[in-house]
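Remarks on the structure that follows.
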Amino acid sequence: EVQLVESGGGLVQAGGSLRLSCAVSGFTSEDYTIGWFRQAPGKEREGVSCIGSSDGSTYYADSVKGRFTISSDNAKNTVYLQMNSLEPEDTAVYYCAANDIGFSRSGDYPRPSKYNYWGQGTQVTVSS
């Protein structure tokens, strides 16, 4: 059974940093993609970043480029999202998700419907 468990959320002032972790378990294949998504109250869930397990290729939404960094530690089966220069607009519940069925095009990377496993989410609140 695939499990994704997020941790690391919290309250931080604008300009501060947080690192989110996603502990991954249960995959029988080494070829999957882990994505980070966020959902603010009243808004749709949006893709923030993702990383491929086999080649380490990454994707970032324009809104977080230069501020967020995704990485993976294969020995620990953990994917991280380092978030710097946080802004109040980054306030949301952050979810990690996994796709082990592949993508037909790169434009699908940030689409929640393309991910078939989800964690429970962790709250990130950025105060102004």
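Note that these values count all heavy atoms, side chains included, but never hydrogens, waters or copies made by symmetry.
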Before giving the answer on side-chain contact (heavy atoms from CB on, under 4.5 Å), spell out for Q82 and S17 the whole-Å C-alpha distance, their side-chain angles and the decisive distance to 0.1 Å. CA-CA 7 Å; Q82 178 67 43; S17 299; 3.9 Å; yes

For S49 and L81, what are the C-alpha separation, side-chain angles and deciding distance, and is it a side-chain contact (heavy atoms from CB on, under 4.5 Å)? CA-CA 8 Å; S49 182; L81 185 68; 4.1 Å; yes

Please walk me through it: do F103 and T33 pass side-chain contact (heavy atoms from CB on, under 4.5 Å)? CA-CA 9 Å; F103 300 91; T33 298; 3.5 Å; yes

Verdict with reasoning, T125 to Q123, per side-chain contact (heavy atoms from CB on, under 4.5 Å): CA-CA 6 Å; T125 303; Q123 176 71 46; 3.3 Å; yes

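In the model, S29 has no side-chain atom that pairs as donor or acceptor with a side-chain atom of D31 under 3.5 Å. Side-chain atoms of N99 and N116 form no donor-acceptor pair, as typed in the model, at a separation below 3.5 Å. Residues T78 and D73 have side chains that never bring a donor and an acceptor to within less than 3.5 angstrom of each other. A donor-acceptor contact closer than 3.5 angstrom links the side chains of Y94 and R38.
Counting only distance, with no hydrogens or angles, the side chain of T91 and the backbone of V126 share a donor-acceptor pair below 3.5 Å. Between the side chain of R45 and the main chain of Q39, no donor-acceptor pair closer than 3.5 Å is present.
Proximity of D90 to V124: side-chain heavy atoms (C-beta onward) are nowhere separated by under 4.5 Å. Looking at heavy atoms from C-beta onward, V93 lies out of side-chain contact with T122 at the 4.5 angstrom threshold.
Annotation: the span from S85 atom OG to R67 atom CZ amounts to 7.0 Å, rounded to 0.5 Å. For the atom pair S63 OG and E87 CD, the distance stands at 8.5 Å (nearest 0.5 Å). Interatomic distance, CD of Q3 versus OG of S25, reported as 4.5 Å (0.5 Å rounding). Rounding to the nearest 0.5 angstrom, the gap separating the SG atom in C96 from the CD1 atom in I51 is 13.0 Å. For the atom pair C22 SG and E6 CD, the distance stands at 5.5 Å (nearest 0.5 Å). Between L86 atom CG and M83 atom CE the span is 5.0 Å, to the nearest 0.5 Å.
Remark: aromatic rings of F68 and Y60 are distant, center separation not under 6.0 Å.
Follow the hydrophobic side-chain contacts under 4.5 Å out from Y80 and you never reach L20; the two are in separate clusters. The hydrophobic clustering, which links ILVMFWY residues whose side-chain heavy atoms are closer than 4.5 Å, places I34 and Y109 apart. Hydrophobic clustering places L18 together with I70 (ILVMFWY residues linked when any side-chain heavy atoms are closer than 4.5 Å, directly or through intermediates). The hydrophobic clustering, which links ILVMFWY residues whose side-chain heavy atoms are closer than 4.5 Å, places L4 and Y59 apart.
Listed here is the closest heavy atom pair of C50 and G35: CB-CA, 3.7 Å. Considering every non-hydrogen atom in both S128 and P88, the closest pair reads CB-CG, 3.8 Å.
Sorted by first and then second residue, the pairs that involve residues 27-46 and meet ring pair (Phe, Tyr, Trp, His ring centres under 6.0 Å), not counting sequence neighbours, are F27-Y32, F27-Y117, F37-Y115, F37-W118.
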